[in-house]
Amino acid sequence: MILSPRLRRAAVAALAALVTTWAGTWPGMLSARAQTPVPSNFSRTSASGSYLAARHAGGQRDAAAAAAYYRAALRGDPRNNELLGRAFLAVLANGEVEEAVKLAERVLQVDKTDRIARLVVGVRAIKQKQYPVARRELAQSIRGPITDLAATLLSAWTQASPTEAKLATDSIDKLAGADWYAIFKDLHSALILDVAGQKKEAAKRFERSYKLDPTALRVAQSYGSFLSRQGNNAEALKVFATFDEALPRHPLIVEATNEVKAGKKLAIMVDTPQAGAAEALYGLGAALGRRGGEDLGLIYLQLALYLAPSHPLALLSLGDLYEAMKKPELANKTYERVPLNSPLQRNAQIQLALNLDTLEQTDEAKASLEKLIVANPGDVEAIMALGNVLRGRKQFAECADVYSKGVATITKSEKSNWVIYYFRGICFERSKQWAKAEADLKKSLDLFSEQPHVLNYLGYSWIDQGINLDDGMRMIKRAVEQRADDGYIVDSLGWAHYRLGNMEEAVKQLERAVELKPEDPTINDHLGDAYWRVGRVLEARFQWSHARDLKPEPEDLVKIDAKLKTGLPDDASSAADAEHKKPGGG
């Protein structure tokens, strides 16, 4: 999205106070145009009953039901200002912005300083092209972290014209804030100047934003588009190539690159004040939504889609937010709204299929992905997605075949290809094709020599087979150095010590692993084995019992039950334990 990871982390820190303030009024609600069916007989429900039902729905992140119940409660107690505020935020969270505007106007009659209500009324004015009204409302929303930036950018977009562009950029320049504000300020100043026809000044701002972060998607896309329209195709292609090196094959960059190479001039990315305001809201919502500011990110994304209902990136970001909050049904409803002619439509279809698998509709997921692959046999993303579905369902021979189709598309050796060899290596290893697995894991390390998960998997596999012991242990230790808080990798280190007979060190590392991943049955089982070997029999039986209660795989459950009855045989630390091949939790 717009912010780089470093800047996103800074933005989230600034958000904490604002999100905490809202949380008491709007408990973690996510948007849903249609979730749990809401009873229609509200007239039989008291205001207090509707209020309690709304609070429960909010706790379940069912914004559709929460909005309906809060509205019902408000009808029963129309002068209750707390209900009014909750109903407003719930309706806004549900994407019903026109209804939220009506409630915002009522909120402002009670509290003229409510920032979110002012923001919503201001956005509605932008949609209606009532720019002086929008500026007046937004001016009263500029208080607090993030809202000052959002309101300033939105207000500036209302002046995106040849006669007012300088006023717009001056207002942006005057805004003081965190260091990461700079990229938003320069990018939107450039976009405003571009729309206003002031190309020379726009070029300076685009260049400044690009220097701040050449790997920010909208920065690269808009700057490359601008260069193309100025007849500088060579520089445009350099901008796209730099981005592609950092994030290969992004559909929007691929499309832009192909069009420039075909001799076409790229269209301007933002061409109206409404589109510019939507872009600002999308940028903030996408960058913040998944990093500690879900509520605020949701509001911005809903408002962005109110201004630009078919904005593909805003739709994908909203779907991504739903996925992060474990709402795959809502994510899929959002992905279905991505326009069919968008380069991102294929990405939406892939994510939709993965969510079908999450919803235990695996056959439908596989059929959808296979259809995409048939339509485009070189679609590496769809191939990877299908392979991941099969791997997650433990169809290891099948997933190896699918990943092989992806490997066949590789025309040049790139670091980013490490992951497909790693995943295929896992499938080969699990389907008992070790020679092929070892070759793939080594190839993955050739591409990315210090990748901790690959180091862990290959190193553990060697030790578990009793080969390359020194190299295997060195690999696992290097993985732990990079991922000291990864319970699966620390478990591998502990289990490697166990397999080598270093029981005291095995106990130490496995205890750490259990602290990091207390709910993993395999790690608890491993610790039980280590306890048994050092004579801590009662603790061993406790760990095995706990592992049994954590619902291990059926074949592991049989072994755990046997250990609970008879303990470990004398040779339990030998190669007879090779069934414990779960390096890295893979």
Participant: For P339 and Q345, which heavy atoms make the closest approach, and how far apart are they?
Facilitator: O-CG, 3.0 Å
Participant: So does L315 get a backbone contact from the side chain of T334, meaning a donor-acceptor N/O pair under 3.5 Å?
Facilitator: no
Participant: Any side-chain heavy atom of Q274 sitting closer than 4.5 Å to one from I126?
Facilitator: yes
Participant: Among R205, K211, K204, find the one that has a salt bridge (Lys or Arg N to Asp or Glu O under 4.0 Å) with E207.
Facilitator: K211
Participant: When you check the gap from the basic side-chain N to the acidic O, do K166 and D170 get nearer than 4.0 Å?
Facilitator: yes
Participant: Would you call L330 and M325 a side-chain contact if the rule is heavy atoms closer than 4.5 Å?
Facilitator: no
Participant: How would you list, by chain and number, every residue that makes a side-chain contact (heavy atoms from CB on, under 4.5 Å) with E381, sequence neighbours excluded?
Facilitator: R249, R346, I350, D379
Participant: Verify side chain to side chain contact (heavy atoms under 4.5 Å, CB included) between Q302 and L281, making sure each step is shown before the conclusion.
Facilitator: CA-CA 9 Å; Q302 292 287 25; L281 290 163; over 6 Å; no
Participant: How long is the span from the CG atom in L284 to the CD1 atom in I299, to the nearest 0.5 Å?
Facilitator: 12.5 Å
Participant: Does R337 reach the side chain of Y335, with side-chain heavy atoms less than 4.5 Å apart?
Facilitator: no
Participant: Can you give me the closest heavy-atom contact between P162 and Q198, atom names plus distance?
Facilitator: O-NE2, 3.2 Å
Participant: Residues two or more places apart in sequence or in another chain: which of them pass side-chain hydrogen bond (donor to acceptor under 3.5 Å, both in side chains) with D77?
Facilitator: N80
Participant: Quick check against the 3.5 Å criterion: does D194 have a side-chain atom that pairs as donor or acceptor with the backbone of A190?
Facilitator: no
Participant: Which atom names give the shortest non-hydrogen contact between T215 and A246, and what distance separates them?
Facilitator: CG2-CB, 3.6 Å
Participant: Could you tell me whether the side chain of L356 reaches within less than 4.5 Å of the side chain of L352, counting heavy atoms only?
Facilitator: yes
Participant: Test side chain to side chain contact (heavy atoms under 4.5 Å, CB included) on Q451 and Y422 and set out the steps.
Facilitator: CA-CA 10 Å; Q451 215 298 319; Y422 172 54; 5.6 Å; no
Participant: Is there a side-chain contact between L227 and K238 in this structure, where contact means two heavy atoms from C-beta onward sitting under 4.5 Å apart?
Facilitator: no
Participant: Pick out which of L83, V101, V120, L74 makes a side-chain contact (heavy atoms from CB on, under 4.5 Å) with F88.
Facilitator: V120
Participant: Please round to the nearest 0.5 Å and tell me the distance separating atom OH of Y488 and atom CG of L516.
Facilitator: 11.0 Å
Participant: So which heavy atom on S413 is nearest to which on L447, and how close?
Facilitator: OG-CD2, 3.0 Å
Participant: Report yes if some heavy atom in the side chain of L313 is under 4.5 Å from a heavy atom in the side chain of L217; otherwise report no.
Facilitator: yes
Participant: Do you know which two heavy atoms are closest between S171 and A168, and how far apart they sit?
Facilitator: OG-O, 2.6 Å
Participant: Just wondering, do L307 and V123 contact through their side chains at under 4.5 Å, heavy atoms?
Facilitator: yes
Participant: Working to the nearest 0.5 Å, report the span between CG of D244 and CD1 of I253.
Facilitator: 8.0 Å
Participant: Measuring from L191:CG to D186:CG, what's the distance to the nearest 0.5 Å?
Facilitator: 11.0 Å
Participant: Evaluate Q221 against R218 for side chain to side chain donor-acceptor pair (under 3.5 Å), listing each step before the verdict.
Facilitator: CA-CA 5 Å; Q221 190 183 1; R218 295 306 251 181; 2.5 Å; yes
Participant: Going by ring-ring contact (aromatic ring centres under 6.0 Å, His included), name the pairs with one or both residues in residues 246-267, residues two or more places apart or in two chains.
Facilitator: none
Participant: Run the side chain to side chain contact (heavy atoms under 4.5 Å, CB included) check on L305 and H311 step by step: do they pass?
Facilitator: CA-CA 7 Å; L305 290 168; H311 195 301; 4.2 Å; yes
Participant: Taking ring-ring contact (aromatic ring centres under 6.0 Å, His included) as the test, write out the residues that go with Y181, two or more places apart.
Facilitator: none
Participant: When you look at L455 and E450, which way does the side chain to side chain contact (heavy atoms under 4.5 Å, CB included) test go after all the steps?
Facilitator: CA-CA 7 Å; L455 288 170; E450 291 299 309; 4.2 Å; yes
Participant: Quick check: are there more than 12 heavy atoms from other residues, nucleotides or ligands sitting under 6.0 Å from NZ of K199?
Facilitator: yes
Participant: Give every residue pair that meets the ring-ring contact (aromatic ring centres under 6.0 Å, His included) criterion with at least one member in residues 208-243, sequence neighbours excluded.
Facilitator: F206-F226, Y210-Y223
Participant: Measure from the side-chain N and O atoms of N388 to the backbone N and O of M384, and report whether any donor-acceptor pair falls under 3.5 Å.
Facilitator: yes
Participant: Could you measure the distance from the CD1 atom of I268 to the OG atom of S228? Nearest 0.5 Å is fine.
Facilitator: 12.0 Å
Participant: Any idea which heavy atoms bring P251 and N347 closest together, and the distance?
Facilitator: CG-OD1, 3.1 Å
Participant: Is it the case that more than 12 heavy atoms not belonging to E245 sit under 6.0 Å from its CD atom?
Facilitator: no
Participant: Whether the side chain of S141 engages the backbone of E137 through a donor-acceptor N/O pair (distance < 3.5 Å, no angle test) should be reported.
Facilitator: no
Participant: Give the table of side-chain donor-acceptor pairs shorter than 3.5 Å for residues 151-160, with sequence neighbours excluded, one pair per line with atom names and distance.
Facilitator:
{"from": "T152", "atom 1": "OG1", "to": "D148", "atom 2": "O", "distance (Å)": "2.7"}
{"from": "W157", "atom 1": "NE1", "to": "H188", "atom 2": "ND1", "distance (Å)": "3.0"}
{"from": "W157", "atom 1": "NE1", "to": "G276", "atom 2": "O", "distance (Å)": "3.3"}
{"from": "T158", "atom 1": "OG1", "to": "R135", "atom 2": "NH1", "distance (Å)": "2.9"}
{"from": "T158", "atom 1": "OG1", "to": "S155", "atom 2": "O", "distance (Å)": "2.5"}

Participant: Taking the side chain as every heavy atom from C-beta outward, state whether F184 and L175 have any atom pair closer than 4.5 Å.
Facilitator: no
Participant: Measuring from D485:CG to I489:CD1, what's the distance to the nearest 0.5 Å?
Facilitator: 10.5 Å
Participant: Would you confirm whether R118, through its side chain, and K112, through its main-chain N or O, come within 3.5 Å as a donor-acceptor pair?
Facilitator: yes
Participant: In terms of side-chain heavy atoms, does E329 have a donor or acceptor partner in Y322 at a distance below 3.5 Å?
Facilitator: no
Participant: Step by step, work out the salt bridge (Lys or Arg N to Asp or Glu O under 4.0 Å) result for E82 and R86.
Facilitator: CA-CA 6 Å; E82 181 183 354; R86 288 178 178 272; 3.2 Å; yes
